[in-house]
Amino acid sequence: MPEPHQPERAIAATGAGGAMDLAASEATSLAATPGPGGPDGSGPAAPARSLWSDAWRDLRRNPVFLVSGLIIVFLVVISLWPSLIATGNPLACDLANAQKGSAPGHPFGFNEQGCDVYTRVVHGTRVSVTVGVCATLGVALLGSVLGGLAGFFGGVGDAVLSRITDVFFAIPVVLGGLVLLSVVTSSTVWPVVGFMVLLGWPQISRIARGSVITAKQNDYVQAARALGASNTRLLLRHITPNAVAPVIVVVTIALGTFIALEATLSYLGVGLKPPTVSWGIDISAASLYIRNAPHMLLWPAGALAVTVLAFIMLGDAVRDALDPKLR
């Protein structure tokens, strides 16, 4: 009686150094299957992605970031070159057109002095973006340096800085602006920028201090210190790249807040002053004619709202991308 057919057997090596008895077809299939990192399982592993690469990947897929980014790019372009979409002079006025509505070539109508509202709204973008960007850079630089150094070295300097920030937090921003800027006669943006930096740095300082304190306790910082790394190298190479994310998030949101603060101070008469073209100045002037000519208030207020909302949305998207706890 013929023996039943027995499939060929093969000994296949396992990844742990042992072997297992398999059919020949199974062993061939197993041998042809590439392992992790390469065909034989011993190739290079997939490159690890950093926090920044992951954040950028998430931002590119976030519609909130894309929409807000496009709006901000548009605002920056027209602030640099307002003549691209508004060829008129924002200071050219004709009292014969005072408070008139939309007309051919003047889609937003005219203000109380007969100036083209559309042209003034476009040219007002430059002032708002300039104040927001300059104030944000100043606050970020001053607050990050002071807070980072205090958090890294600690001791008496840290305690003194903490008490100073408490004093600044106790000062109402609008009230401080009314007091400090009421004596300024300059019509440029720099007194307003300086005031914002003066009262805005404590928040960034406190956030930077907390981030540095958290980062310097990590094992890689302790290992670098044990290997003889200097304080400068520890701060610049190991701590700052891993502590800057919270500062970037807060600074991005603060930019929109500074733009709104400039408009508020200008509305109250202590911020920017004529003949500077500013949304806050136009809103203040139009508030007296809101019943007869609401278009004078609608357009500059709408431009201000869209700008502030775009920066806040951008800050929210950046926060979601940089905070690993939200993944």
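None of the values given here were measured: they were computed from a predicted structure. Side-chain atoms are counted along with the backbone in the values below, which use heavy atoms only and exclude waters and symmetry mates.
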Task: Qualifying residue for side chain to side chain contact (heavy atoms under 4.5 Å, CB included) with I204, from V247, L142, T136 - done: V247

TODO: May I ask you to decide if T125's main-chain N or O and S128's side chain share a donor-acceptor pair within less than 3.5 Å?
DONE: no

Task: Pairing of R206 and D166 as salt bridge, 4.0 angstrom limit - done: yes

TODO: Would you mind reporting whether N242 and N218 have side-chain heavy atoms less than 4.5 Å apart?
DONE: no

Task: Validation row: F152, I213 side chains within 4.5 angstrom (heavy atoms) - done: no

Open item on the list: What I'd like to find out is whether the side chain of V131 reaches to under 4.5 Å of the side chain of M196, using heavy atoms alone.
Closed with: yes

Open item on the list: Please check: side-chain N/O of K216 versus main-chain N/O of T214, any donor-acceptor pairing under 3.5 Å?
Closed with: no

Task: Test item: R120 side-chain N/O and P90 main-chain N/O as donor-acceptor pair under 3.5 Å - done: yes

Task: R60 atom CZ, over 12 foreign heavy atoms within 6.0 Å - done: yes

- [ ] Could you tell me how the ring of Y220 sits relative to the ring of H238: parallel (under 30°), tilted (30 to 60°) or perpendicular (over 60°)?
- [x] tilted

Task: Separation of L268 CG from L178 CG (nearest 0.5 Å) - done: 5.5 Å

Task: Considering all heavy atoms, the nearest V117-P300 contact - done: CG1-CD, 4.4 Å

- [ ] Look up atom CG in D94 and atom CG in N97, then write down how far apart they are to the nearest 0.5 Å.
- [x] 4.5 Å

Task: Minimum heavy-atom distance between A215 and V221, given as atom pair plus value - done: O-CG2, 3.4 Å

Open item on the list: For S83, is there any backbone N or O sitting under 3.5 Å from a side-chain donor or acceptor partner on T87?
Closed with: no

Open item on the list: Test of understanding: clusters of I, L, V, M, F, W, Y form through side-chain heavy atoms closer than 4.5 Å, transitively. Do F108 and F74 belong to the same one?
Closed with: yes

- [ ] Taking all non-hydrogen atoms of both residues into account, name the closest pair between V139 and G200 and its distance.
- [x] CG1-O, 3.5 Å

Open item on the list: Tell me whether S211 contacts the main-chain N or O of I207 through its side chain, where contact means a donor paired with an acceptor under 3.5 Å.
Closed with: yes

Task: Co-membership, hydrophobic cluster, residues I78 and V121, 4.5 Å side-chain - done: yes

Task: Donor-acceptor pair, side chain of T276 and main chain of K273, under 3.5 angstrom - done: yes

Open item on the list: Given 3.5 Å as the limit, does a donor-acceptor pair link the side chain of H295 with the main chain of F110, or not?
Closed with: yes

Task: Non-hydrogen side-chain atoms of L180 and L198 separated by less than 4.5 Å - done: yes

- [ ] Mind listing the closest non-hydrogen atom pair of V270 and G177 along with its distance?
- [x] CG2-O, 4.0 Å

TODO: Could you tell me whether the side chain of H123 and the main chain of S278 form a donor-acceptor pair under 3.5 Å?
DONE: no

- [ ] State the OG-CH2 distance between S102 and W299, to the nearest 0.5 angstrom.
- [x] 8.5 Å

TODO: Side-chain contact test, heavy atoms from C-beta onward, threshold under 4.5 Å: evaluate it for L272 versus V189 and give yes or no.
DONE: yes

Task: Main-chain N/O of G315 paired with T252 side-chain donor or acceptor, under 3.5 Å - done: no

TODO: Please report the C-alpha distance between S266 and W279 in whole Å, then the side-chain angles of each, then the deciding distance to 0.1 Å, and finally whether the side chain to side chain contact (heavy atoms under 4.5 Å, CB included) criterion is met.
DONE: CA-CA 8 Å; S266 299; W279 293 335; over 6 Å; no

Task: Criterion side chain to side chain contact (heavy atoms under 4.5 Å, CB included) on Q203 and F169, from CA distance to verdict - done: CA-CA 8 Å; Q203 180 185 13; F169 277 128; 4.2 Å; yes

Open item on the list: Please report the interatomic distance CG(L70) to CG(L75), rounded to the nearest 0.5 Å.
Closed with: 11.0 Å

- [ ] Could you pull out the closest heavy-atom pair between T119 and G88, with the gap in Å?
- [x] CG2-O, 3.4 Å

Task: E112 to L95 - nearest heavy-atom pair and separation - done: O-CD2, 4.3 Å

Open item on the list: Exactly one of D116, I85, V277 should register a side chain to side chain contact (heavy atoms under 4.5 Å, CB included) with V122. Which one does?
Closed with: I85

Open item on the list: Do Y289 and L297 make a side-chain contact, defined as non-hydrogen atoms from C-beta onward lying under 4.5 Å apart?
Closed with: no

Open item on the list: What I'd like to find out is whether the side chain of D158 reaches to under 4.5 Å of the side chain of S162, using heavy atoms alone.
Closed with: yes

Task: Rounded distance (nearest 0.5 Å) linking atom CG of N62 with atom CE of M313 - done: 9.0 Å

- [ ] Take atom CD1 of I290 as the centre, draw a 6.0 Å sphere, and report whether it contains more than 12 heavy atoms from other residues, nucleotides or ligands.
- [x] no

Task: Any donor-acceptor N/O pair, S79 side chain to V76 backbone, under 3.5 Å - done: yes

Open item on the list: Are I281 and L288 linked, directly or through intermediate hydrophobic residues, by side-chain heavy-atom contacts shorter than 4.5 Å (ILVMFWY only)?
Closed with: no

Task: Side chain proximity check, V212 to T240, heavy atoms < 4.5 angstrom - done: no

Open item on the list: Distance check, rounded to the nearest 0.5 Å: K100 atom NZ versus M296 atom CE?
Closed with: 14.5 Å

Open item on the list: Assess the residue pair V184 and F195 against the criterion (side chain to side chain contact (heavy atoms under 4.5 Å, CB included)); give the C-alpha distance rounded to whole Å, side-chain angles, the decisive distance to 0.1 Å, and a yes or no.
Closed with: CA-CA 11 Å; V184 177; F195 163 75; over 6 Å; no

Task: ILVMFWY network linking L235 to L146, side-chain heavy atoms under 4.5 angstrom - done: no

Open item on the list: Same cluster or not: L199 versus I164, using hydrophobic residues (I, L, V, M, F, W, Y) connected whenever any side-chain heavy atoms lie under 4.5 Å apart?
Closed with: yes

- [ ] Apply side chain to side chain contact (heavy atoms under 4.5 Å, CB included) to the pair N231 and F153, showing each step before the final yes or no.
- [x] CA-CA 9 Å; N231 290 334; F153 292 104; 3.8 Å; yes

